[in-house]
Amino acid sequence: MKKFETFFCFLFALCLGSCKQITPPEAILPIPESKQVAWQQMETYAFVHFSMNTFNDMEWGYGDADINLFNPTDLDCEQWVQTFAKAGMKGVIFTAKHHDGFCMWPSAYTDYCVKNAPWKDGKGDVVRELSDACKKHGLKFAVYLSPWDRHQANYGAPEYVKYFHNQLTELMSNYGPVFEVWFDGANGGNGWYGGANESRTIDRKNYYNYPRIYELLDSLQPQAIVFSDGGPGCRWVGNEHGFAGETNWSFLRKGEVYPGYPNSKELQFGHEDGNQWTAAECDVSIRPGWFYHQREDSKVKTVEQLTDLYYRSVGHNATLLLNFPVDRRGKVHPIDSARAVAWHQRIQEELKTDLLKGIIPEASNTRGKKFAPANVTDNDYETYWATEDGTNSGSLTFTFKEPTEINRVLIQEYIPLGQRVKSFTIEAEDNKEWKPVDVKEETTTVGYKRIVRFKNVSTVKLRIVFKDARGPLCINNVQAFCAPPVKKEAINASNQAKQFAYKIVNVPEKEALKAYDGDASTCCFIEGDSFTLDLGAEQTISSFTYLPDQNDSAKGMVTDYELFVGSDPNVVSKKVAAGEFSNIKNNPIEQTIHFIPVKARYIRFVAKRLVEDQGVIGMANFAVL
């Protein structure tokens, strides 16, 4: 009897072990919804900023612009979409309403929209034309709707929330399926507000009644991903430069991040202990600004710059949302379109030939035949190599038929079961000794996709060692490439206008030099809220440029300014310009302000407001032209 019981226990254990081999690993929470997986598989898609600001030559309009300004001469949404398709993009997000409140569709709830503009005698609808063009050419469509509205007189009151919800309902009901709904984190501040011309603040967490918005979206567009600083569908990456952290978790702590979240830099990395799946989206413009400015025609990002951003966004477990500022004609500028297509071709060339195709790697351990290491090279997203329960590490070794040169490795986790990898290394065999490849970044998280670049190495064996994970490994794709060397591109000179020599009154010359040495990494700091320039002689001037501190811990960043001129250093009181440097905190680019030409020797710049009042004005560059 005892022998029979022992044999029975042996069979039971054997069967239990066999079952383990065919059962997938348990999901490790949080996990994405299927629509979040589909969204991340889009990888790159376009942003379009085109509105009243295009004709105002502004980044953030106040909401008081004359409606008659909006009159594009040759609007062609099909040209936009065809450009994006040629650039390999899978969709487009359109700014249906920016902060100035002007609506790019004929809204029933406001007169401040295209139905009262001269374009097409008020019968035009840009949202409709773009939605139709996307359907025709096979791209997905999405909308940006600014919660902040600097035009509406009732912004800040409960009535505005109903207005905002009504406009969202219009967009979600009348233009077909949308893949994403984009809510900007900029909320509250200076505005026209129906003529009040004042600054208003709101409760960013609660004012817009986001729970009601989510209910509305679930009923009208259940497949849509909701973007905001904290999601819930996807999150802002914490910068407008287009890159995610080398460590990038697709999680956030639920309810912690809200529009205007003060610790936004941590959004580059996510929360390792987060309980909500909220992957990062990297938004960046192909030009310095988000809206079209002719002066930026020579400042379009190079193919090399765009390629680097691809590796630091899609290759860092995020998506890349690349903005195109449509010009006043209503078309994507030819420089922008040519650059975007060339960039896509560059990525295709660099990742064209998978050197691991057909190779079955050797694994440190495996869960069974269904989860065999061969799954990482079978080009099937739904199959994956998995390790046994109780493991949080492992390795894959690939053997080439002959010495092979590589400089890129791509790894993907099967994210429907959660993000797991916490640390890994890439090694190549050299004279039967394993050596790490020369990687210039941290190799920590993987997630949906991680692409690691390194110096060329020739090897017969390649090994990926997963050193630590949140549970058993689930790796569904590994590829290796040898990207060809590329020639560096020349960047056009940015400003050909004559710059007048000056000195900053009562500021030591060594410190003042930092404001006009042409080096963006140096910054002149001036105590107080104003400074005076001496041009040395009376000159005719018509503009100035201001570049804020470009360091990560930037200080003295001016948001609102006034500029005065005069011929007497003691009486510099004629105001020639005043306004704001819109969005300068998140996009600290060079600001160019034009005014009516005036003769002056002395110029006084006044910082009316700063991002943070630290008692100084910071200038990486200041030029008078």
Side-chain angles (χ1 to χ4, degrees), residues 49 51-67 69-70 98-102 112 146 148-151 155 184 186-201 240 287-296 325 495 497 515 526 528-533 541-549 554 556-566 572-598 600 603-613 617-625:
H49 278 65
S51 183
M52 188 69 78
N53 291 341
T54 309
F55 300 88
N56 272 343
D57 198 22
M58 297 179 72
E59 285 287 288
W60 286 4
Y62 289 101
D64 61 348
D66 184 350
I67 203 167
L69 286 173
F70 186 80
H98 203 251
H99 312 321
D100 65 343
F102 183 76
Y112 200 55
S146 172
W148 185 22
D149 193 316
R150 305 171 97 181
H151 175 81
Y155 180 79
D184 203 313
N187 288 281
N190 295 339
W192 183 66
Y193 303 127
N197 289 312
E198 61 187 14
S199 182
R200 295 180 180 177
T201 58
E240 293 183 0
R287 293 167 173 249
W290 290 91
F291 286 92
Y292 178 78
H293 311 290
Q294 186 177 14
R295 62 183 176 272
E296 293 181 352
N495 199 331
I526 300 176
D529 61 0
S530 67
F531 59 86
T532 300
L533 307 181
I541 60 173
S542 59
S543 66
F544 75 90
T545 63
Y546 165 65
L547 181 68
D549 186 358
M557 193 177 286
V558 180
T559 61
D560 293 71
Y561 67 90
E562 290 179 332
L563 194 79
F564 301 86
V565 299
V572 188
S573 56
K574 181 180 179 180
K575 186 188 293 186
V576 295
E580 70 174 1
F581 298 132
S582 305
N583 197 29
I584 199 166
K585 178 181 178 181
N586 295 321
N587 193 27
I589 61 173
E590 183 177 81
Q591 310 289 318
T592 301
I593 304 299
H594 297 274
F595 46 86
I596 297 172
V598 61
I603 299 163
R604 186 163 66 94
F605 179 88
V606 179
K608 297 290 290 183
R609 191 159 65 97
L610 295 96
V611 171
E612 294 181 33
D613 191 357
I617 297 172
M619 301 184 296
N621 185 61
F622 194 94
V624 182
L625 309 125

Trainee: Would Lys608 and Val558 satisfy side-chain contact (heavy atoms from CB on, under 4.5 Å), going step by step from the backbone distance to the final call?
Mentor: CA-CA 8 Å; Lys608 297 290 290 183; Val558 180; over 6 Å; no

Trainee: Can you see which heavy atom on Ala620 is nearest to which on Pro548, and at what distance?
Mentor: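 Answer, listing the atom of Ala620 first, then Pro548: CB-O, 3.3 Å.
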
Trainee: Got a sec, which residues hit side chain to side chain donor-acceptor pair (under 3.5 Å) with Thr532, two or more places apart in sequence or on another chain?
Mentor: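 Result, side chain to side chain donor-acceptor pair (under 3.5 Å) vs Thr532: none returned.
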
Trainee: Check whether any side-chain heavy atom of Val624 sits under 4.5 Å from a side-chain heavy atom of Leu533, and report yes or no.
Mentor: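 In contact.
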
Trainee: What pairs with Phe102 under ring-ring contact (aromatic ring centres under 6.0 Å, His included), at least two apart in sequence or on another chain?
Mentor: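 Phe70, Tyr112.
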
Trainee: List for me each residue that meets salt bridge (charged side-chain N to carboxylate O under 4.0 Å, His left out) alongside Lys574, sequence neighbours excluded, and say none if there are none.
Mentor: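 With neighbours one apart ignored, the set is empty.
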
Trainee: Would you mind checking if Asp560 and Arg609 are paired as a salt bridge, meaning a charged N to carboxylate O distance below 4.0 Å?
Mentor: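 Result for this pair is yes, salt bridge flagged.
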
Trainee: List the residues meeting side chain to side chain donor-acceptor pair (under 3.5 Å) with Asn583, not counting sequence neighbours, and say none if there are none.
Mentor: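 In terms of side chain to side chain donor-acceptor pair (under 3.5 Å), with neighbours along the sequence ignored, Asn583 is linked to Glu240.
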
Trainee: Under the ring pair (Phe, Tyr, Trp, His ring centres under 6.0 Å) rule, what do Tyr546 and Tyr561 come out as? Steps first, then yes or no, please.
Mentor: CA-CA 11 Å; Tyr546 165 65; Tyr561 67 90; 8.8 Å; no

Trainee: Is there a side-chain contact between Asp100 and Ser51, using heavy atoms and a 4.5 Å cut-off?
Mentor: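 When only atoms from C-beta onward are counted, Ser51 and Asp100 do touch, with a gap below 4.5 Å.
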
Trainee: I'd like to know whether CD of Glu198 has more than 12 heavy-atom contacts from other residues, nucleotides or ligands below 6.0 angstrom.
Mentor: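 Above 12, so yes.
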
Trainee: Heavy-atom distance under 4.5 Å between the side chains of Phe581 and Met557, does that happen here?
Mentor: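 Side-chain contact under 4.5 Å: no.
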
Trainee: Using 0.5 Å steps for rounding, measure from the CD atom of Glu590 to the CD1 atom of Ile584.
Mentor: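 Nearest 0.5 Å value for the CD-CD1 distance: 10.5 Å.
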
Trainee: Is there a side-chain contact between Leu625 and Phe544 in this structure, where contact means two heavy atoms from C-beta onward sitting under 4.5 Å apart?
Mentor: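 With C-beta onward as the side chain, the pair stays apart.
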
Trainee: Taking the six-membered ring of Tyr292 (Phe, Tyr or Trp), confirm whether the NZ or CZ of Arg287 is under 6.0 Å from its centre and within 45° of its axis.
Mentor: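 The answer is no; the distance or angle limit is not met.
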
Trainee: Among all residues two or more places apart in sequence or in another chain, which pass the salt bridge (charged side-chain N to carboxylate O under 4.0 Å, His left out) test with Glu562?
Mentor: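 Salt bridge (charged side-chain N to carboxylate O under 4.0 Å, His left out) list for Glu562, sorted by chain: Lys575.
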
Trainee: Applying salt bridge (charged side-chain N to carboxylate O under 4.0 Å, His left out), name anything that partners Asp529, two or more places apart in sequence or on another chain.
Mentor: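 Counting only residues at least two positions away or on another chain, Asp529 forms no salt bridge (charged side-chain N to carboxylate O under 4.0 Å, His left out).
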
Trainee: Which pair of heavy atoms, one from Ala65 and one from Asn56, lies closest together, and at what distance?
Mentor: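 So the minimum-distance heavy-atom pair works out to CB-ND2, 3.3 Å.
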
Trainee: Would you please name every residue forming a ring-ring contact (aromatic ring centres under 6.0 Å, His included) with His293, sequence neighbours left out?
Mentor: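 Applying ring-ring contact (aromatic ring centres under 6.0 Å, His included) to His293 gives none.
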
Trainee: Could you list the residues that satisfy side chain to side chain donor-acceptor pair (under 3.5 Å) with Tyr155, not counting sequence neighbours?
Mentor: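 So Tyr155 forms a side chain to side chain donor-acceptor pair (under 3.5 Å) with Tyr208.
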
Trainee: Quick one: closest heavy-atom pair of Trp290 and Glu59, and the distance?
Mentor: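 It is N-OE1, 2.9 Å.
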
Trainee: So if I apply the side-chain contact (heavy atoms from CB on, under 4.5 Å) rule between Thr559 and each of Leu610, Val611, Asn190, which one comes out positive?
Mentor: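 Exactly one option meets the side-chain contact (heavy atoms from CB on, under 4.5 Å) with Thr559, and it is Val611.
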
Trainee: Between Arg604 and Leu563, is the side-chain contact (heavy atoms from CB on, under 4.5 Å) condition met? List the steps.
Mentor: CA-CA 6 Å; Arg604 186 163 66 94; Leu563 194 79; over 6 Å; no

Trainee: Which heavy atom of Ile617 sits nearest to which heavy atom of Gly528, and what is that distance?
Mentor: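 Nearest pair, atom of Ile617 first, then Gly528: CG1-O, 3.7 Å.
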
Trainee: Measure across Ala577 and Ile593 and return the closest heavy-atom pair with its distance rounded to 0.1 Å.
Mentor: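 Minimum heavy-atom separation between Ala577 and Ile593: CB-CG2, 4.2 Å.
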
Trainee: Decide ring pair (Phe, Tyr, Trp, His ring centres under 6.0 Å) for Phe622 and Phe605; before the verdict, give the C-alpha distance in whole Å, the side-chain angles of both, and the deciding distance to 0.1 Å.
Mentor: CA-CA 10 Å; Phe622 194 94; Phe605 179 88; 5.4 Å; yes

Trainee: Search all heavy atoms of Gly566 against all heavy atoms of Val572 and return the closest pair with its distance.
Mentor: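 Closest approach of Gly566 to Val572: N-CG1, 3.7 Å.
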
Trainee: Who are the salt bridge (charged side-chain N to carboxylate O under 4.0 Å, His left out) partners of Asp549, not counting sequence neighbours?
Mentor: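 Per chain and number, Asp549 pairs via salt bridge (charged side-chain N to carboxylate O under 4.0 Å, His left out) with no residue.
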
Trainee: Quick check: do Pro325 and Thr54 have side-chain heavy atoms less than 4.5 Å from each other?
Mentor: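 No, their side chains stay 4.5 Å or more apart.
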
Trainee: If the condition is side chain to side chain contact (heavy atoms under 4.5 Å, CB included), which residues does His99 pass it with, not counting sequence neighbours?
Mentor: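 Partners of His99 under the side chain to side chain contact (heavy atoms under 4.5 Å, CB included) test: Trp60, Tyr144, Ser146, Trp148, Arg150, Asp184, Ala186.
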
Trainee: Are Val576 and Phe595 packed together at the side-chain level, in the sense that at least one heavy-atom pair is separated by less than 4.5 angstrom?
Mentor: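 Answer yes - side chains close enough.
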
Trainee: What residues, two or more places apart in sequence or in another chain, satisfy ring-ring contact (aromatic ring centres under 6.0 Å, His included) together with Tyr62?
Mentor: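 Scan of Tyr62 (ring-ring contact (aromatic ring centres under 6.0 Å, His included), adjacent residues dropped) gives none.
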
Trainee: Okay, side chain of Gln591, backbone of Ile589: is any donor-acceptor separation there less than 3.5 Å?
Mentor: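 Flag set: sc Gln591 to bb Ile589 pair under 3.5 Å.
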
Trainee: Could you check whether any side-chain N or O of Asn53 sits under 3.5 Å from a backbone N or O of Gly61, counting only pairs where one atom can act as donor and the other as acceptor?
Mentor: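 Yes, the answer is positive, given that a donor and an acceptor are paired below the 3.5 Å cut-off.
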
Trainee: Go through the structure and list residues passing side chain to side chain donor-acceptor pair (under 3.5 Å) with Asp613, not counting sequence neighbours.
Mentor: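 Checked Asp613 against side chain to side chain donor-acceptor pair (under 3.5 Å); zero matches.
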
Trainee: I'd like to know if the side chain of Asp149 and the backbone of His151 have a donor-acceptor N/O pair within less than 3.5 Å.
Mentor: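 The answer is yes, because a donor-acceptor pair under 3.5 Å joins these two groups.
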
